[in-house]
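Below is one structure; the comments refer to it alone.
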Amino acid sequence: MQTGATQAMFDAFLGAGSRGTKPEETNAAGSAGSEPEKAHWEEIAAKLNEMWGQFLNGHPGIAASGVADPAHWPEMAGRWMQQWPMGGGEAQGKFLTDSMTMWESVLGQMGLGSSDAAAGKSLPRQDRRFKDPKWQETPVYALLHQAYLLLSEQMIAAAESAQGLSEERKEKLRFFTRLITEAMSPAHFPLTNPLVLEKTIETGGENLVRGLEHLISDLDAGKLTHTDPHAFVLGENIAATPGKVVYETPLFQLIQYTPVTETVLKTPLLIFPPWINRFYILDLGAKKSFVKWAVEQGLTVCLVSWKSADSSMAEISWDDYIAAMIEAIDVTRDRFKVPSVHTIGYCVGGTTLAAALAVLGRRGEADKVASATYFTAQVDFSEAGELKAFIDEQQLAMVDSLAGEGFVDGRYLAFAFNLLRSPDLIWNYVIRNYLLGEDYVAFDLLHWNGDTTNLPARFHREYLKNLYHDNLLVVPDALSACGVPIDLRENVTPSYIQAGVEDHIAPVDSVWKLTGHLSGPKRFVLAGSGHIAGVVNPPAAGKYQYWSIGEPDNPKQTAPATLDAFREAAVETRGSWWPDWIRWIEGFDATQVKATGKRKPGGRGDSVIEDAPGRYVKTP
């Protein structure tokens with residue numbers, strides 16, 4: 001399909017000279033062409049062929065696989081479509097009716113159909129991918145994208161109505177059907193995207209040259225580029241909150257941030273970010289940094305920076321990460337000579353924190369932690385969302401095959417997460433970077449998203465199988481760590497549980513389940529937006545909202561029995577939930593101490609390792 005489209009495009013620009021037509025007979029506008037125009041387009045075509053040929057010569061594995069040969073794609077698509085269950089007679093009848101309605105609507109809007117159809121000002125199917133007027137103004141593109149949307153509806157409906165499948169298999173069918181329909185969009189092909197055609201004419205094909213340069217660069221790097229890779233420098237304009245690395249193990253560095261207030265809360269804060277991606281999701285630019293904001297609120301902030309795995313970490317297990325969390329808690333307590341710390345766990349960091357606190361609870365050491373805050377974390381994976389589509393025996397076997405050196409390359413993980421939002425995180429950039437040839441923009445969040453980390457293979461497989469696949473964390477004593485069986489009911493630490501209303505990685509229904517498995521007081525807050533923006537939402541931005549019950553000052557709250565009951569009773573508050581959280585923290589013990597001695601890392605008599613953000617965050 002791509003081959004044919006590309007040939008047709010260049011035939012138009014070349015005046016169809018390659019098919020024996022004289023160049024003066026026709027050109028892209030259907031009028032007389034010229035030899036200079038033809039020569040220009042021939043030069044562009046030759047340059048594209050040369051660039052792609054050189055790339056394949058340097059990557060014989062890709063060339064031999066056939067993936068790079070679009071001639072194979074229609075055959076594969078045809079075989080797949082022949083097996084697709086398009087539904088029974090009722091579904092087919094609806095498909096035909098909708099097709100006629102679409103046809104009449106498109107013709108009517110163009111003044112070519114009935115007066116009734118012409119009276120309608122909008123096409124029957126709306127989709128933000130085709131919001132540009134150029135998709136509406138020309139009959140061929142209007143009909144093309146409307147037909148695509150209709151076919152996508154039919155395929156998704158067929159997947160939804162498939163019979164004889166378990167709910168887990170049906171969810172996989174829904175997920176991969178969505179991926180296929182998204183990939184089929186006419187916006188992703190040069191000849192069927194009016195914006196790409198316009199850009200190609202406007203630039204004389206230079207957009208395609210730049211786009212191919214971007215594509216080849218990404219193929220060499222093994223990942224999709226979302227943002228200008230040179231726009232951000234760690235420690236300068238990202239991950240730049242001042243601090244010191246005060247402790248280090250082969251698995252993590254402990255960063256302590258420099259106070260900016262004369263006094264600080266006596267109980268320090270210890271943050272456990274996820275080890276998928278880098279810690280600085282919580283320390284982006286100064287205006288977005290949760291770390292910087294927390295320091296400004298008068299907290300002594302410490303944070304764990306996990307090391308990206310290499311071959312030396314092949315035998316690292318989930319047990320090791322739990323032990324590392326407990327070690328960091330003890331190191332922080334000892335450093336400041338305090339009985340307890342406040343903790344935060346983000347995503348998988350929150351999942352593991354919940355298990356670590358259950359271990360401490362069973363040991364009789366729960367008082368080491370004054371509070372636990374969970375950012376979009378899960379412990380019960382029975383409703384873990386679309387990520388479960390990647391977790392079955394076949395996928396687990398694939399994980400093993402990808403871990404030849406004892407670790408899983410973070411680029412595979414990043415691609416899996418990108419697939420969850422492929423229109424925004426994959427196809428949007430295919431169009432912009434590869435087809436339109438646009439320059440990359442500077443965006444700190446997307447820079448972080450592409451800064452991948454590797455995971456120890458043994459740990460990754462244990463995590464996927466025991467938690468996502470078998471859901472054993474919520475089975476008392478089914479798992480153990482540090483020689484202690486894990487029972488989440490032993491986690492008696494007061495909890496602040498935050499979920500995102502649009503979270504696609506940790507769905508709100510799944511995060512809510514923490515309230516049923518953890519003991520102790522709980523405050524549940526539902527934030528606007530999703531897995532990242534729902535967390536990284538500084539008060540100064542004035543964005544989104546959150547829902548909560550009661551005031552946060554009382555740390556001994558209990559959550560309602562059900563999520564529906566929470567939604568009925570919750571009150572919406574505009575803006576960030578961060579101020580709500582800091583009031584909750586201060587409700588435990590508002591005692592202040594001077595920000596001197598080891599409260600100011602690197603001062604007189606304090607031995608530190610290096611400046612923040614440290615070496616580990618820079619390790620590939």
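All figures in this text were calculated on a predicted structure; none of them were measured in a lab. As a basis for the values below, the full set of heavy atoms in this structure was taken, side chains included, without hydrogen atoms, waters or symmetry mates.
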### Query
Checking side chain to side chain contact (heavy atoms under 4.5 Å, CB included) for the pair Phe415/Lys223: CA distance, chi angles, key distance, verdict?
CA-CA 8 Å; Phe415 182 64; Lys223 61 181 180 179; over 6 Å; no
### Query
Between Asp424 and Arg129, is the closest basic N to carboxylate O distance under 4.0 Å?
no
### Message
Between Glu171 and Arg174, does any side-chain N to carboxylate O distance fall below 4.0 Å?
### Response
yes
Euclidean distance, [Y] [atom2] relative to [X] [atom1], rounded to 0.5 Å:
{"X": "Leu425", "Y": "Asn418", "atom1": "CG", "atom2": "CG", "answer": "5.0 Å"}
{"X": "Lys307", "Y": "Asn454", "atom1": "NZ", "atom2": "CG", "answer": "11.0 Å"}
{"X": "Leu143", "Y": "Trp135", "atom1": "CG", "atom2": "CH2", "answer": "12.0 Å"}
{"X": "Ser185", "Y": "His188", "atom1": "OG", "atom2": "NE2", "answer": "4.0 Å"}
{"X": "Gln146", "Y": "Leu150", "atom1": "CD", "atom2": "CG", "answer": "8.5 Å"}
{"X": "Tyr148", "Y": "Leu151", "atom1": "OH", "atom2": "CG", "answer": "9.0 Å"}

Looking at every heavy atom in both [X] and [Y], which two are closest together, and how far apart are they?
{"X": "Ile216", "Y": "Met51", "answer": "CD1-O, 3.7 Å"}
{"X": "Val617", "Y": "Ser305", "answer": "N-OG, 3.9 Å"}
{"X": "Lys134", "Y": "Pro194", "answer": "O-CG, 3.9 Å"}
{"X": "Ala309", "Y": "Pro456", "answer": "CB-N, 3.4 Å"}
{"X": "Ser311", "Y": "Phe407", "answer": "N-CD2, 3.7 Å"}
{"X": "Val245", "Y": "Asp611", "answer": "CG2-O, 4.2 Å"}

Does [Y] offer a backbone N or O that forms a donor-acceptor pair with the side chain of [X] under 3.5 Å?
{"X": "Asn237", "Y": "Val233", "result": "yes"}
{"X": "Asp503", "Y": "Ala506", "result": "yes"}
{"X": "Asn277", "Y": "Trp448", "result": "yes"}
{"X": "Asn537", "Y": "Ala533", "result": "no"}
{"X": "His145", "Y": "Pro186", "result": "no"}
{"X": "Thr453", "Y": "Gly410", "result": "no"}
{"X": "Thr200", "Y": "Val196", "result": "yes"}
{"X": "Lys292", "Y": "Asp283", "result": "no"}
{"X": "Asn207", "Y": "Gly437", "result": "no"}
{"X": "Thr138", "Y": "Val140", "result": "no"}

### Query
So Asp218 and Tyr434, side chain to side chain donor-acceptor pair (under 3.5 Å) or not? Walk me through it.
CA-CA 10 Å; Asp218 283 355; Tyr434 300 162; 2.7 Å; yes
Using side-chain heavy atoms (C-beta onward) and a distance below 4.5 Å, is [X] in contact with [Y]?
{"X": "Ser422", "Y": "Leu179", "value": "yes"}
{"X": "Ser308", "Y": "Arg278", "value": "yes"}
{"X": "Leu435", "Y": "Phe189", "value": "no"}
{"X": "Ser152", "Y": "Arg178", "value": "no"}
{"X": "Ile532", "Y": "Ile281", "value": "yes"}
{"X": "Thr181", "Y": "Ile156", "value": "yes"}
{"X": "Val441", "Y": "Asp228", "value": "no"}
{"X": "His469", "Y": "Leu464", "value": "no"}

### Task
Please assess Arg210 against Glu206 for the test salt bridge (Lys or Arg N to Asp or Glu O under 4.0 Å), listing each intermediate value before the final yes or no.
CA-CA 6 Å; Arg210 290 196 303 271; Glu206 289 299 325; 5.3 Å; no
Parallel, tilted or perpendicular, as decided by the 30° and 60° cut-offs, for the rings of [Y] and [X]:
{"X": "Tyr346", "Y": "His531", "value": "tilted"}
{"X": "His226", "Y": "Tyr429", "value": "perpendicular"}
{"X": "His447", "Y": "Phe232", "value": "tilted"}
{"X": "Phe55", "Y": "Trp52", "value": "parallel"}

### Task
Consider only side-chain N and O atoms of His214 and Asn433, and report whether a donor and an acceptor are under 3.5 Å apart.
no
### Query
Cut-off 3.5 Å, side chains only: do Asp451 and Tyr280 have a donor facing an acceptor?
yes
### Derivation of the side chain to side chain contact (heavy atoms under 4.5 Å, CB included) call for Leu413 and Thr452
CA-CA 8 Å; Leu413 305 174; Thr452 58; over 6 Å; no
### Query
Given Leu208 and Leu48, is the side chain to side chain contact (heavy atoms under 4.5 Å, CB included) satisfied, shown in steps?
CA-CA 8 Å; Leu208 301 178; Leu48 292 171; 4.1 Å; yes
### Message
Using the side-chain hydrogen bond (donor to acceptor under 3.5 Å, both in side chains) criterion, which residues pair with Asp444? Sequence neighbours excluded.
### Response
Lys288
#### Entry: side-chain hydrogen bond (donor to acceptor under 3.5 Å, both in side chains) partners of Glu610, counting only residues at least two apart
Gln253, Arg615
### Verdict with reasoning, Lys199 to Glu438, per salt bridge (Lys or Arg N to Asp or Glu O under 4.0 Å)
CA-CA 10 Å; Lys199 188 74 170 182; Glu438 294 181 358; 5.7 Å; no
### Query
Please walk me through it: do Phe290 and Phe375 pass ring-ring contact (aromatic ring centres under 6.0 Å, His included)?
CA-CA 12 Å; Phe290 176 84; Phe375 292 169; 5.7 Å; yes
### Query
Step by step, would you call Glu502 with Ser529 a side chain to side chain donor-acceptor pair (under 3.5 Å)?
CA-CA 5 Å; Glu502 298 174 2; Ser529 197; 4.6 Å; no
### Task
For residues Phe252 and Trp275, establish whether the separation of their ring centroids is below 6.0 Å.
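No, they do not, as the ring centres are separated by 6.0 Å or more.
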### Task
List the steps, then state whether side chain to side chain contact (heavy atoms under 4.5 Å, CB included) holds for Ile255 with Phe279.
CA-CA 11 Å; Ile255 301 171; Phe279 77 79; 3.8 Å; yes
### Other residues, nucleotides, ligands: >12 heavy atoms within 6.0 Å of Lys47 NZ
no
